[in-house]
Each structure stands twice: as C-alpha cells, then as structure tokens.
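What follows is a short report on a single structure.
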Amino acid sequence: MNQALLFSVFIVASCGLAYELIAGALSSYLLGDSITQFSTVIGSYLFAMGIGSWLSRYVERNLVARFVQIELMVGVLGGFSAAGLFFIFVWFSTPFKLALYLAVFGIGVLVGLEIPLIMRILKRDLSFKDVVSQVLTFDYLGALAVSILFPLLLVPQLGLVRSGLLFGLLNVLVALWALWLFREPLRNSGWLKTQAFVSLAVLTIGFAAAGQFTSLAEAHLYADEIVYNETSPYQHIVITRWRDDLRLFLNNNLQFSSRDEYRYHEALVHPALATLPGARRVLVLGGGDGLAVREILKYPQIESVTLVDLDPAMTQLFSTAAALRKLNAQALSSPKVRVLNADALKWLEDNDDVFDFVVVDFPDPSNFAIGKLYSAAFYRLLEKHLSAGALAVIQSTSPLYARQSFWCVVATLESVGLVTTPYHALVPSFGEWGFVLAGRRAYQPPAGYSVETRFLTAETTPALFQFAKDMARVDAEVNHLNNQALVRYFEREWRQVIR
C-alpha cells in the first residue's frame with residue numbers, strides 16, 4: 001500500500017506542475033509571451049501552495065477521505081482551468097487576469113494540501129525520515145517527468161486545453177485509486193464514490209469535446225474562417241481566410257495578410273538588394289513563410305538562398321499547402337533555396353559562411369527568447385557573416401506605435417560598429433512599419449528597380465527614409481542579453497496600443 005501511495009505522489013506532483021505550466025503558457029499565449037507572465041504565475045502558485053500546506057494542519061480527521069476530496073477538486077478545477085480561462089478570454093476579455101490569478105491561487109492551495117496529507121497518511125507505517133525522503137523523491141521525479149513531456153509531447157500533440165483535462169483525469173484516477181486502497185476504512189463512503197465517478201465522467205466528456213470547444217472558441221477569437229490550426233513545440237500557428245485574404249497568426253499575433261503582405265516584403269528586400277548587383281549568396285533568418293525568399297528570387301543573379309527558421313512546422317506548411325505555395329510562388333521549393341530548421345543564433349555561431357545580403361525577419365521582440373535575436377551579441381555574430389560590401393536588413397517593429405523599441409534596434413546595431421539606415425513603410429494591416437539597413441558603408445537608395453514590384457518605385461523610395469516628427473529618433477538603451485531592454489520597451493509601448 002505504501003508503494004502505491006508513493007506512486008500517487010509521482011502522479012500528484014506531475015499534475016501540480018502541469019497546471020502551473022499550463023497557466024503560464026496560456027497567459028503568455030494570450031497576453032504576450034514574456035517573463036512577467038511566467039514569473040507572476042509561478043510566484044502566485046508557489047505562494048498559494050504554501051498557504052495550502054499551512055492549512056493542512058487543520059485537517060485532523062478522516063485524512064484519506066479529505067485527500068480523496070482534494071484530489072477531486074484539484075482534478076476538476078485544474079482540468080478545466082485552461083478551457084475556462086480560454087473561454088473567459090474569448091468572450092469576456094476584461095476579467096481574464098482576475099480569473100487567471102484566482103484559478104492559479106485556488107489550484108495552488110489545493111495542490112499545497114496534497115503532499116502534507118499523503119505524508120501524514122504514510123507516517124502511520126513509516127518513520128518520519130523515510131516519509132520525507134521517499135515522498136520528496138517521488139515529488140521531484142514527477143516534476144521532472146512533466147517538465148520534459150509538457151513542451152516536447154503534450155502541448156504539440158494535445159494542446160493546452162486537452163493537456164489540462166488529461167491531468168485532471170489523472171488526479172481523479174488517483175482519488176479512485178485511494179478509494180480502492182482504503183476500501184475497508186472507507187466502506188461507507190458511497191457519496192465520496194459518487195463524487196469521484198461524476199468527476200471522472202465530466203472530465204472524460206470534456207476531454208472528448210475539447211476539440212469542438214477549441215474550434216468554437218477560436219472561431220470567435222478570429223474574425224475569419226480558420227483553415228489551418230496547429231500547435232508546434234515553438235508556437236501556435238493559425239491560418240484564416242476571408243474571400244481571397246489569407247492571414248497568418250502566430251501565438252494570436254497577426255504576421256501577414258495576403259492582401260497587403262507584398263508591401264511589407266517588397267520594403268524588406270528591394271531597397272537593399274536593388275543596390276547589390278554583385279550579390280550572389282543570400283541568408284534569410286526567420287521568414288519561414290517564404291515570402292521574403294519569393295522577392296529575393298526575382299533577381300536572376302542570385303545563386304543561393306539559405307533560409308534558417310526555427311520551426312519545421314512553418315517551413316513544412318508553406319512548402320506543401322497549395323494556397324500558401326501559390327502565395328510564395330513556390331519559393332521554398334526552388335533549387336536555389338536551402339531550408340534549415342535551427343536556432344538562428346546558434347546557427348550563426350556554428351557556421352563560417354559569408355553572404356552578400358542578409359534578411360533578418362523575426363517576429364517582434366515580445367519575449368526574451370526572441371529578444372536575444374535583437375541583441376548586440378546577435379548582431380556582432382551577424383556582422384561576421386557579411387561579405388565585403390554586403391548589407392543586412394532587419395524588421396524592427398513600428399516606429400510609430402513602438403517608437404523607442406524601433407530606435408533601440410538602431411542603437412543596438414550601431415553599438416557593434418555597423419552603419420545603419422532606418423526606414424519605414426505603410427502596411428495597412430499593421431500601420432507604419434519599420435526596417436533598418438545595416439552594413440559597413442553608407443547606403444544610397446537605388447536609382448530604380450530592375451525587377452517587378454507592386455508597391456515600390458524609384459520616385460517614392462526616398463520618402464521611406466524620411467521620418468515625421470512623431471517617429472523621429474529618441475534615446476534608447478542598447479539591447480544586451482543581460483538586460484533585454486528591447487523587450488521591456490516593446491511590452492510597454494504595445495500595451496498602450498492594444499487593449
């Protein structure tokens with residue numbers, strides 16, 4: 001019996017950490033992936049666990065029955081936490097943060113009650129020394145198992161809603177297991193068994209219907225029809241369609257609209273590449289949709305394009321889906337293109353290749369994982385991969401809505417000795433959007449474009465490099481790995497724009 005209870009500790013610990021990770025991941029997906037979300041969720045959860053542990057002293061009788069009831073409450077509350085929070089965010093967005101921390105606090109208190117009760121039950125047959133060592137061993141092993149399985153298997157395969165319900169079911173199964181182990185002392189616990197089986201049924205139905213619930217909620221969250229939906233180990237990918245407009249969302253953030261993406265990608269590629277007639281080798285970092293590559297391949301002198309994108313789900317999707325292949329002109333299937341799925345910073349560290357033109361097309365620096373790709377350390381590495389006379393272009397968020405963030409990118413590039421030329425373009429889906437050209441020499445706009453464009457002309461290009469008063473340069477810190485100033489700027493500025 002003691003070994004069975006110790007295995008229950010393993011399951012209980014797994015579930016407890018899982019609910020914490022689900023709350024942190026969900027808040028990051030919906031509110032912006034940042035250290036603030038995980039830090040406050042984890043801190044609140046641990047504080048609540050401490051309160052639960054303290055409250056366990058007041059549970060003095062019927063320890064097994066109380067343990068079973070706590071497991072059922074944790075299972076139902078924790079199991080439905082992701083679904084409930086998602087529902088609140090989609091339909092009642094205003095109280096989401098309050099609901100999030102109430103859920104985190106409630107689950108934390110219940111989880112904090114679990115281990116002290118199990119230890120007191122085991123103390124009947126084991127010494128205090130053995131109880132503490134064995135319970136903590138299984139507790140930490142359970143936490144290790146979930147910390148590995150959560151990002152690698154559970155979220156990619158099940159998603160956050162189903163993962164929550166799965167762990168809720170595991171909590172209920174622990175309660176049923178305890179009812180069976182202690183069937184003699186709990187002989188007259190018919191009402192407790194009824195609660196357990198009702199909880200099991202409710203969670204099972206929830207697990208089975210999770211797909212329909214998620215589809216319904218996301219259909220409400222996104223204005224247009226969802227035609228593709230996938231959660232990879234790195235991000236949540238959604239493609240929507242309205243008439244001839246395809247839109248890509250990553251972690252609920254719009255990446256492009258097919259109606260005006262040409263403005264963004266022409267502005268990203270052509271002002272630099274049109275001034276590099278000798279360019280032969282091109283590197284694209286990010287840009288797994290292949291749209292920047294499409295523009296690069298318009299230049300016949302280009303001999304090779306190396307695309308480095310972290311997420312294979314993105315490059316696979318935009319290499320195989322017919323509508324997306326049409327949008328990127330089958331760029332990722334070109335014999336000139338080599339697609340590599342790797343972390344860009346590590347790839348730059350491990351390779352010595354040099355390039356005549358580099359496109360840096362990462363998502364906005366909304367978290368520290370992406371913020372490192374806008375750091376001085378990253379740009380120092382990037383500079384080593386530029387051939388003589390080469391240029392790099394970096395998408396740099398909006399100089400209008402995130403003014404200090406934009407100029408932080410400029411300051412960071414300059415801090416590593418690169419000569420910068422900032423510019424901007426109007427993309428209706430985003431508003432004014434910013435880019436920075438960087439190289440070892442001063443830049444002059446092209447006298448004309450030798451390739452077909454829909455947006456850019458030689459006459460209008462010089463205006464891209466002029467900044468109105470409300471977008472003019474402001475002071476900003478250099479973005480270092482140890483301070484991540486850019487992420488702080490970005491979160492503060494966009495929080496004032498998006499409510």
Side-chain angles (χ1 to χ4, degrees), residues 244 246 248 255-309 315 318-319 323-339 354-361 386-396 421-430 433-439 441-466:
D244 62 343
L246 287 171
L248 169 67
Q255 303 301 303
F256 72 73
S257 163
S258 63
R259 287 192 170 179
D260 59 21
E261 58 78 17
Y262 68 90
R263 278 181 159 253
Y264 173 92
H265 291 99
E266 285 185 11
L268 178 70
V269 171
H270 298 307
L273 194 50
T275 68
L276 300 171
R280 299 292 182 269
R281 305 185 69 203
V282 177
L283 173 64
V284 179
L285 302 174
D289 51 35
L291 298 173
V293 177
R294 176 196 67 199
E295 297 302 314
I296 292 165
L297 292 176
K298 290 180 179 179
Y299 293 82
Q301 77 269 19
I302 299 301
E303 295 174 356
S304 68
V305 180
T306 301
L307 171 67
V308 181
D309 190 279
T315 52
F318 281 84
S319 298
L324 301 176
R325 281 168 55 87
K326 181 180 178 181
L327 187 62
N328 65 26
Q330 303 183 44
L332 299 183
S333 301
S334 169
K336 293 183 178 182
V337 177
R338 179 173 62 141
V339 177
V354 294
F355 300 89
D356 306 312
F357 179 48
V358 179
V359 175
V360 183
D361 191 17
L386 297 177
S387 64
L391 286 173
V393 62
I394 297 93
Q395 94 79 12
S396 307
T421 308
Y423 64 105
H424 62 97
L426 177 63
V427 183
S429 294
F430 302 121
W433 211 255
F435 311 87
V436 183
L437 286 169
R441 57 178 174 83
Y443 166 82
Q444 288 295 326
Y449 295 101
S450 61
V451 299
E452 181 183 353
T453 60
R454 298 171 60 189
F455 164 54
L456 291 175
T457 66
E459 293 74 25
T460 59
T461 296
L464 304 182
F465 298 88
Q466 299 172 10

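FYI, side chains are in, hydrogens and waters are out, and symmetry mates aren't considered; it's all heavy atoms of this structure.
At distances below 3.5 Å, at least one donor-acceptor pair connects side-chain atoms of S258 with backbone N or O atoms of D244. Looking only at distances, a side-chain donor or acceptor of D309 sits under 3.5 Å from a matching main-chain atom of G288. No side-chain donor-acceptor contact under 3.5 Å links E266 to the backbone of T453.
Note: Y423 and F465 have tilted aromatic rings, judged against thresholds of 30 and 60 degrees for the angle between ring planes.
L327 has its side chain within reach of F256: a pair of non-hydrogen atoms, C-beta onward, lies under 4.5 Å apart. At least one side-chain heavy atom of V359 sits less than 4.5 Å from a side-chain heavy atom of L268. Side-chain contact between F318 and S333: absent, with no pair of heavy atoms (C-beta onward) separated by less than 4.5 Å.
Under the side-chain hydrogen bond (donor to acceptor under 3.5 Å, both in side chains) criterion, H270 pairs with E295, Y299, not counting sequence neighbours. Listed by chain and residue number, nothing satisfies the side-chain contact (heavy atoms from CB on, under 4.5 Å) test with P300 (two or more places apart in sequence, or in another chain). In this structure, the side-chain hydrogen bond (donor to acceptor under 3.5 Å, both in side chains) partners of S257, at least two apart in sequence or on a different chain, are D245. Shown here are the side-chain hydrogen bond (donor to acceptor under 3.5 Å, both in side chains) partners of D361, two or more places apart in sequence or in another chain: Y264.
Taking every heavy atom of both residues into account, A323 and L246 meet most closely at CB-CD1, 3.9 Å. Closest approach of A274 to P446, counting heavy atoms only: CB-CB, 3.9 Å. Counting all heavy atoms, side chain and backbone alike, G278 lies closest to D356 at O-OD2, 4.2 Å. Closest heavy-atom contact between L273 and A279: CD1-CB, 3.9 Å. Heavy-atom minimum distance, P271 versus L456: CD-CD1, 3.8 Å.
Within the structure, side chain to side chain donor-acceptor pair (under 3.5 Å) contacts touching residues 274-294 (residues at least two apart or in different chains) are E261-R294. Applying the salt bridge (Lys or Arg N to Asp or Glu O under 4.0 Å) definition to pairs two or more places apart or across chains, none involves residues 445-463.
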side-chain contact (heavy atoms from CB on, under 4.5 Å) between T460 and F455, worked out: CA-CA 9 Å; T460 59; F455 164 54; over 6 Å; no
task: Apply side-chain contact (heavy atoms from CB on, under 4.5 Å) to the pair R441 and L391, showing each step before the final yes or no.
output: CA-CA 9 Å; R441 57 178 174 83; L391 286 173; 4.0 Å; yes
query: side-chain contact (heavy atoms from CB on, under 4.5 Å) between L297 and V337: does it pass, once the steps are laid out?
result: CA-CA 9 Å; L297 292 176; V337 177; 4.0 Å; yes
query: Are I302 and F357 close enough, and set up right, to give a side-chain contact (heavy atoms from CB on, under 4.5 Å), and what steps lead you there?
result: CA-CA 10 Å; I302 299 301; F357 179 48; over 6 Å; no
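From H424, atom NE2 reaches atom CZ of F435 across 10.5 Å, with rounding to the nearest 0.5 Å. Of the inter-residue distances, the one linking Q444 atom CD with T421 atom OG1 reads 8.5 Å to the nearest 0.5 angstrom. Considering CG of L276 and OG of S387, their distance stands at 8.5 Å, rounded to 0.5 Å. Remark: S334 OG to L307 CG distance equals 12.0 Å, nearest 0.5 Å. Here the CG-NE2 distance, from D260 to H265, works out to 10.5 Å after rounding to the nearest 0.5 Å.
F355 pairs with exactly one of T306, V282, V305, L386 by the side chain to side chain contact (heavy atoms under 4.5 Å, CB included) rule, that one being T306. With V308 as the fixed residue, the side chain to side chain contact (heavy atoms under 4.5 Å, CB included) test singles out one of T315, L283, V339: L283.
Within 6.0 Å of the NZ atom in K336, the count of heavy atoms belonging to other residues, nucleotides or ligands exceeds 12.
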